[in-house]
Engineer: 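Dropping the structure in here first, questions after.
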There are 4 protein chains.
Amino acid sequence: MAAAPPPPGRDHPPVQPVGTTATGTSPAKRAQILAGAARIFAEHGYEGASMSCIARDAGVSKGTLYNYFDSKAVLFCAFIEQCTREKLPLMFRRIDEGATLAESLEHVATALIQLIISPISLMLNRVIVSEAGNFPELAQTFWTHGPQQATSILAAWLARAPQSDLLDVPDPLFAAEQFYALCQTHIAGRARMQLPVDTSDEYIAFVARSAVRVFLNTYQRDGQRLPPLPYRATP
Amino acid sequence: MAAAPPPPGRDHPPVQPVGTTATGTSPAKRAQILAGAARIFAEHGYEGASMSCIARDAGVSKGTLYNYFDSKAVLFCAFIEQCTREKLPLMFRRIDEGATLAESLEHVATALIQLIISPISLMLNRVIVSEAGNFPELAQTFWTHGPQQATSILAAWLARAPQSDLLDVPDPLFAAEQFYALCQTHIAGRARMQLPVDTSDEYIAFVARSAVRVFLNTYQRDGQRLPPLPYRATP
Amino acid sequence: MAAAPPPPGRDHPPVQPVGTTATGTSPAKRAQILAGAARIFAEHGYEGASMSCIARDAGVSKGTLYNYFDSKAVLFCAFIEQCTREKLPLMFRRIDEGATLAESLEHVATALIQLIISPISLMLNRVIVSEAGNFPELAQTFWTHGPQQATSILAAWLARAPQSDLLDVPDPLFAAEQFYALCQTHIAGRARMQLPVDTSDEYIAFVARSAVRVFLNTYQRDGQRLPPLPYRATP
Amino acid sequence: MAAAPPPPGRDHPPVQPVGTTATGTSPAKRAQILAGAARIFAEHGYEGASMSCIARDAGVSKGTLYNYFDSKAVLFCAFIEQCTREKLPLMFRRIDEGATLAESLEHVATALIQLIISPISLMLNRVIVSEAGNFPELAQTFWTHGPQQATSILAAWLARAPQSDLLDVPDPLFAAEQFYALCQTHIAGRARMQLPVDTSDEYIAFVARSAVRVFLNTYQRDGQRLPPLPYRATP
DNA sequence: AATGAATGAGGTTTCATTCAT
DNA sequence: TATGAATGAAACCTCATTCAT
């Protein structure tokens, strides 16, 4: 004869839209607070972070905190937005050209892998994945500024001469996503779960070359099959 | 006049291995509690779930909860372990054979994609990623029973006749990981972040076929390049 | 089928020295809380007191309680320290001189007895004795500020002229402790256990005189044996 | 603007009179339970002991515990009663006669000191003092079987020939209490608070002789003043 | 605008006691 | 009679949020 069935789990206050009553106006203070929030959210996640902790780390009072951000949820959103909008794009902006098509793609692959396993990316991935149900718009923002931007830039590059002359890519966006997927071989999944994994430059280079080889074996126009790559054991 | 700099954020108590003093012994009740825990942990994550809530959902008192599991951390571990050990392997056990190599691989790819985006996998991925720092052994367990088992089975299959006669795969494990990575094209990342994504059987089949095509273009022995695949727009 | 033999009974967390992160700073509020704590601890002891109860009695919220004192143990220590450091010394500071040596000692004895059976002393004795195992430093503090101070002052007085001329006390500290022990005749032990006992001024005076008589019969220089004292029945 | 004033502190259930519904009848089991209760109560006090712990330590189930004792309070009372009635008297039953009056009294004093600082006495003193407010009858029982019995026996001995011929003790009971008080010099108070104190046989003998000397200097009939006693510093 | 003391609901966990087996 | 799983009240403590200064 169970009692009431109702509210399972903790509820977030309905995610207030940003900036209804927050009155703080100093950009410097705002940045200072966000810096503190970044450290604490990154280390402890959303639920594990406390506003007192953030205020202390940021060097402001809790009152000031609430002058700039209406609630913990709003502060969390602002933190994620700032990271995705400001930090991610800086890490992946243009494609370093190489002497050959394969070299250029290897540069891209290496940069992608390093981006994916960078601390900031892993942290964003972690907190966003864990709070995706409560803050769906953050996942969208992250995806737009992260993976989507990366694959879009790559797709555009694939479709642009002179690369397009050497390639046969009917659907550049999908091909770019396959390339992006191949770049996640072995390393990305383990890194996201903080499992031990070889992230040496040599192994990253091997994964990158392997991804390029597999990619070009399908999408290179009239090309020969590329030879397999040697590497000492995947640890 | 900032105060002392005490450690920011909360800490988990050293993750107790598993129950030491719990006295509950009824398997049915234990399963009942784990079922409730599953619902709440899955929806709210570790920090977001409350023991009161789990007890209510499971239909037992909090005292009973603690008779079966010494702490929230222990309950969480038991829940993850049960899911990874019991649920995951059931979903990916053998490779359905098809008429051709490509058909067999397409079966594998389809099964993998469906496994990856199954609610149970997504949920496990979410909670494990978000708590990987606090419960590292759970990440290891999940990886061992999930992705690692999948790639191991696939690698073994690739190295076994008659497939091995048709293929040229010097490093089957790495190749299997590339195949696994290719299967995550477009869908997996978005699903993990609960972003809207086409998970229709048709699109999954397309991604699977595309993965197989790219894979075989590299690893098929003496094969011709496979033709590109048509699909209506990646949404 | 007994389970593991985990440690029986509860343990106190390692007795934290004193507040580390408490942020409350208002001395008035702190005193207000300590007053409430005093009432509850005095009546119910350490284990029997609850923080909710202390907060209610002090007229503050539980949050405020924890702003001023990091934990129950810290609050308890602060309460004991305050009582021993502030209350006890005030009650026994100097020796009222009388016309004769015996009169002076009777003043001392009377004051000692009244101190020992004062509510504050009895309460401190009670809670410290019961928690001596968990808070050893509190017992030390109490002893230093209570009995030890009393006997030290008395010993110094005994060794100082003109008393020293009238006495023959080779070991003043031990003699003072004997005097202190004699002052506890009949009354002190019963009072500590809250047993009914005659604490009238007359009976206290009788016990004091009896103690002085026995003391001087040993330590008075060249004195005659003092005659016995009449008193109507020890109840 | 304080809220409601009401129930301060935790309340004990009205101390149920023993044996209303308890149905256990095996004396062996009862003794077994009391033995477990003794260990736990002695170590953790009344509030700090848990019935589960006692049941485990005694090797019985909690159900059996409640078959023999209606409540924790009843069990505690039974434990104290048993200790005071059975253990204490065994430790102080008769007075060992010596060649002289002083020798006999020194035997008594030594035995008293050792009784007072015996673990069982200290433990009983501790738990009874701390719970005297909640269980007043236990304090009475302890006092009757402990200090009161000791002083009564001593008073009777003092009043009995041949001692009475050598002494001049108008009020033997009060004199016995003074003797009892003198025996507590230096050691007893510190031991009750678990403070470090010299309890060597030599120091106990010194305290005993000192007590006897002071006692006889007052109560010995026509005797000379006894000389002071040397001892190396009271540590 | 900035502070931080105050709040009180809610977190995890313990425990005396009951009762079906 | 003996068991120990189940209960739910209450323990200590935290934290997002408010508001007087």
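Quick note on labels: first sequence line is chain A, next is B, and so on, each numbered from 1. Values reported hereafter were calculated over all heavy atoms of this structure, with side chains retained and with hydrogens, waters and symmetry mates removed.
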Engineer: Side-chain N or O of T64(C) versus OP1/OP2 of dT7(E): is the shortest distance under 4.0 Å?
Structural biologist: yes

Engineer: Does the side chain of T141(A) reach to within under 4.5 Å of the side chain of I80(A), using non-hydrogen atoms?
Structural biologist: no

Engineer: How far apart are the C-alpha atoms of S130(B) and V129(A), what are their side-chain angles, what is the distance that settles it, and do they pass the side-chain contact (heavy atoms from CB on, under 4.5 Å) test?
Structural biologist: CA-CA 7 Å; S130(B) 73; V129(A) 160; over 6 Å; no

Engineer: Between G63(D) and T25(A), who's closer to the 5' end of DNA chain E by nearest nucleotide?
Structural biologist: T25(A)

Engineer: Please state how far atom OH in Y46(D) lies from atom C1' in dA16(E), giving the value in whole angstrom units.
Structural biologist: 9 Å

Engineer: What is the distance from CG of N67(B) to C1' of dG8(F), rounded to the nearest Å?
Structural biologist: 13 Å

Engineer: Does K29(C) put a side-chain nitrogen or oxygen below 4.0 Å from OP1 or OP2 of dA6(E)?
Structural biologist: yes

Engineer: Expected output check: what is the dot-bracket annotation of DNA chain E, where ( ) and [ ] are pairs inside the strand (brackets for crossing ones), | is paired with another strand, and pairs are Watson-Crick or G-U under 3.5 Å?
Structural biologist: .||||||||||||||||||||

Engineer: Parallel, tilted or perpendicular, judged at 30° and 60°: which one describes the rings of F41(D) and F79(D)?
Structural biologist: parallel

Engineer: Check step by step if side-chain contact (heavy atoms from CB on, under 4.5 Å) holds for V60(D) and I54(D).
Structural biologist: CA-CA 9 Å; V60(D) 301; I54(D) 291 170; over 6 Å; no

Engineer: Run the side-chain contact (heavy atoms from CB on, under 4.5 Å) test on I33(C) and L75(C) for me, step by step, so that the C-alpha distance in whole Å, both residues' side-chain angles and the decisive distance to 0.1 Å come before the verdict.
Structural biologist: CA-CA 9 Å; I33(C) 291 172; L75(C) 174 59; 4.2 Å; yes

Engineer: Nearest whole angstrom, please: distance from the C1' of dA16(E) to the CZ of F41(D).
Structural biologist: 12 Å

Engineer: Taking atom P of dA11(F) as reference, at what distance in whole Å does atom OH of Y66(B) sit?
Structural biologist: 17 Å

Engineer: Would you mind reading off the distance between E47(C) atom CD and dA10(F) atom C1', rounded to a whole angstrom?
Structural biologist: 14 Å

Engineer: Nearest whole Å is fine: how far is dA10(F) P from H44(C) NE2?
Structural biologist: 14 Å

Engineer: Given dA16(E), is OP1 or OP2 found less than 4.0 Å from the side-chain N or O atoms of K72(D)?
Structural biologist: yes

Engineer: Cation-pi check, K72(C) to Y46(C): give yes when NZ or CZ is under 6.0 Å from the six-membered ring centre and within 45° of the ring axis, no otherwise.
Structural biologist: yes

Engineer: Answer with base, sugar-phosphate or nothing: what part of the nucleic acid does S26(A) contact at a heavy-atom distance below 4.0 Å?
Structural biologist: nothing

Engineer: For the side chain of K62(B), counting heavy atoms from C-beta on, which of dT7(E), dA10(F), dA6(F) is nearest?
Structural biologist: dA10(F)

Engineer: Nearest-nucleotide wise, let me know which of L65(B) and V60(D) is further upstream toward the 5' end of DNA chain F.
Structural biologist: V60(D)

Engineer: So, does S61(D) get its side chain near the phosphate of dG4(F), meaning an N or O under 4.0 Å from OP1 or OP2?
Structural biologist: no

Engineer: In this structure, how many angstroms lie between the P atom of dT14(F) and the CZ atom of F69(C), rounded?
Structural biologist: 15 Å

Engineer: To the nearest Å, give me how far apart CE (M51(D)) and C1' (dT18(E)) are.
Structural biologist: 12 Å

Engineer: Are any of Y68(C)'s side-chain N or O atoms less than 4.0 Å away from OP1 or OP2 of dA6(E)?
Structural biologist: yes

Engineer: Does a donor on one side chain sit under 3.5 Å from an acceptor on the other, for T64(D) and K29(D)?
Structural biologist: no

